Colleague: 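Sending over a structure as structure tokens; questions will come in a sec.
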Amino acid sequence: MLNTGQMNPPDNALPNAAQDILDTANRLRWEVGNSAHEKIVETIYTDAARIADRAVVYPDTPPRFNLDRTIDHLVTSRIWGFPLMILLFTLVFWITIVGANYPSAFLSWLLLDEVYPLLKEGSAFIGLPWWLDGLLLDGMYLATAWVIAVMLPPMAIFFPLFTLLEDFGYLPRVAFNLDNIFKKSGAHGKQSLSMMMGFGCNAAGVVSTRVIDSPRERLIAIITNNFALCNGRWPTQILIATLFVGALVPAYLGGIISALAVVGVAMLGVLMSFAVSWSLSRTWLKGEASTFSLELPPYRPPRFWQTIYTSLIDRTIYVLWRAIVFALPAGAAIWLIANITIGGTSLAAYMVNFLNPLGLIFGLNGVILLAYVVAIPANEIVIPTVLMLTVLMTGASQYGAGAGVMFEASHQETMTLLQAGGWTLLTAVNLMLFSLLHNPCSTTIYTIYKETGSRRWTTVAALLPLVMGFAVTFIVAQVWRLFSLMG
Amino acid sequence: MITVTERILSEDVLKHIYKCEGDGRRATLDSIAGVLQINQDEASTLVSKMAAHDLLQLQGEEFHLTEAGQNYALQVIRAHRLWERYLADETGFDEAQWHTQAEHHEHHLSPDEIEALSARLGHPTHDPHGDPIPSANGQYMPHGGQPLTSLEPGQYARVVHIEDEPPIVYAQLVAEGLYPDIELRLKEISAERVQFFVGETEHLLAPIVARNISVRPLSPEEVTELTPAEPLSSLKIGETAQVVRLSPACRGPERRRFMDLGILPGTVIKAEMVSPSGDPTAYLIRRSLIGLRKEQADQIYITRDVVSNRP
């Protein structure tokens, strides 16, 4: 029974035969119903599969000893699966941290101790005006050199190692092992991979979410990648933990306690990433389409040189280039705010004084907030900027190399300087928390925009961790002060 | 001048009268005010405006749609059901939210957008509950099913419609994994319970719940899902089985993904290993190892009697 009561009569009546065909087609459309489409596609696929099954001959009979399955049963076994995984990744991180020290020290020596003075001499020789010399060399060059020296070596080690594991076929097994945990927070097991990549660099981590083909899970992985403590933030964590947390215990325990504090912050990041994944998948991202599949490709010997080459080009150089592009203007901005003065006071001093009351509410201070504003382009320059601004504010001119010039100092000098700047243990703890929970660097934000193509999700990814950072530091500061009042 | 709020309200009035006419109920000023949650005065202002636009007429106490009103109502219903189809096939929203979301979107889609949506979804004929989606010129065929409770024990039938009101009953049917297009066999029916089988799975429902399932009886020759089958998730590590079919509830991107991976009737699957965290399980499918989560493996029906595809 076709309901034609409401049908408009056709404007130009077709010849009877044609109309008959149309009517029949219309009636059949309703009779075959909705799943006709699916059934036809399924039939085509099934036929194709059947033809392939008949036609394709595999020469090899499966061997009695299957190496792939043997490895698989080991790396996904209930007993050995997780310990092996932890061991392998500890090894990768250890090689990265230890191995990066040497080239980092070399680059720092080359770019800061050798090239920088040369450039200064050169500029003095051609008689550049002081402000141009300052802007170009003290500002832009120094910031960029800093980023390269700190960022390049770990990435040039971490990414190839990671890519080798990927090429070998191990990483999909990690996703397989961890999927259940991620599933409970509404995410995809492969998010474990982009998260680990994020420990190297969040921008690279965001790019690596391309392996997740389900739209919703991919967005979750992109938005939460920032909670993986990146390479640019580890030095901040380590320095502050060594100075303030390590100092709480006897010297022989200092190293281990400050290391635990840093690992604790990194773990907090992992927990945050689960918590945020969980809430995103139940709120904003509820409606995004979600599918799951996880291919476990056969193991194969990694193509060593090809892997090294592509990971250098695709990941290291790509991330480094973007970081440089963003570090140049940041260097300029830092130098400018420290050197433009109004009525004898620098712009930076005005800003620090303005931000100070706000910073104190969150257990931080104006210097830290301003450093995070100007260091949006790269987390690597947060500590040098903090030190430079502290010198500027305290007038401790025995340190540093002048207004707007970033520098590094020995632990003892740094500690004395920071204490002169009014730092307490609370400031240190909250800086560590804020370093974990704040907006991603501009390289990452730009990458998120490129990957999602959406202003909305980019804004969420940028502001969500910032709001969380303020909330967490606020709560910690209030509880801390309450306890110190009671104590 | 008609405001947006007024347009939305009048579209809801049209839908209400249309449903009443279909069910043989009376659409009165009271019922309109009740459904729209407005007072009698507002309702009467609204219907007089609509009457002035020649969308409805008052016959005694009852309102009836004019031809223009009926066409308009069908377009709103078309938008509603298309949107539900879209939510079901292409998004991650779950069943309980389809209706509410469609109630909103049906008022905000232009005729062009409705056409584009229909084309994008491949001009579907039914919404995910089995209700027909009127075509652009208002044609549709009612599902023509009968309540599940009217079947004789032993009879086969195909589900053609699952009523989504009231939500509590609907949630129960969804939880049982019942969808339009599945085939079932009634085992027993009494005043207390209705017992039936979908494949190997037994379902027990209270008659009042079972009544919300509409079915079309099938003669034994028409039954296509006779082969007893169990979900892939029941396969133990090391066991081999053959795919019988994919669940009709598995649609859209998920189904395409399965077919892309070569999970099709006849495909031989071996459960290879399980993640140390308990889920997913890796299956050997066409010489590739694919990890599937339990709820996905539930969508694939298998038999342990493997028949070779090779000649």
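As the structure is a computational prediction, the values presented were derived from the model and not from experiment. Every chain is numbered from 1 and lettered A, B, ... according to where its sequence line falls, protein lines coming before strand lines.
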Colleague: For the OG1 atom of B:Thr267 and the CG atom of A:Asp53, what is their distance to the nearest 0.5 Å?
Modeller: 7.0 Å

Colleague: Taking only Lys NZ, Arg NE, NH1 and NH2, and the carboxylate oxygens of Asp or Glu, determine whether B:Arg257 and A:Glu295 approach each other closer than 4.0 Å.
Modeller: yes

Colleague: State whether A:Glu42 and B:Arg255 are salt-bridged, where the test is any N-O pair (Lys NZ or Arg NE/NH1/NH2 against Asp/Glu carboxylate O) under 4.0 Å.
Modeller: yes

Colleague: Strictly below 4.0 Å, N to O, side chains only: are B:Glu295 and A:Lys183 in salt-bridge contact?
Modeller: yes

Colleague: Please answer whether the main-chain N or O of B:Pro265 pairs with a side-chain N or O of A:Thr46 as donor and acceptor at a distance below 3.5 Å.
Modeller: no

Colleague: Pick from A:Gly81, A:Ser293, A:Ser281: which one has the most heavy-atom pairs with chain B under 4.5 Å?
Modeller: A:Ser293

Colleague: Take atom CZ in B:Arg216; do more than 12 heavy atoms of anything else shown fall under 6.0 Å from it?
Modeller: no

Colleague: Kindly give the heavy-atom pair with the smallest separation between B:Ile133 and A:Trp30, and that separation in Å.
Modeller: O-CH2, 3.1 Å

Colleague: With no hydrogens and no angle check, is any side-chain donor or acceptor of B:Asp279 less than 3.5 Å from a backbone partner on A:Asn180?
Modeller: no

Colleague: Using non-hydrogen atoms only, which part of B:Ile285 is less than 4.5 Å away from chain A: side chain, backbone, both, or neither?
Modeller: neither

Colleague: If I compare all heavy atoms of B:Met259 with all of A:Val41, which pair ends up nearest, and what's the gap?
Modeller: CE-CG1, 3.5 Å

Colleague: Counting heavy-atom pairs under 4.5 Å with chain B, which one of A:Tyr45, A:Phe292, A:Phe82 comes out on top?
Modeller: A:Phe292

Colleague: Under a 4.5 Å cutoff for heavy-atom pairs, which residue among B:Ser135, B:Ala282, B:Ser288 has the most contacts with chain A?
Modeller: B:Ala282

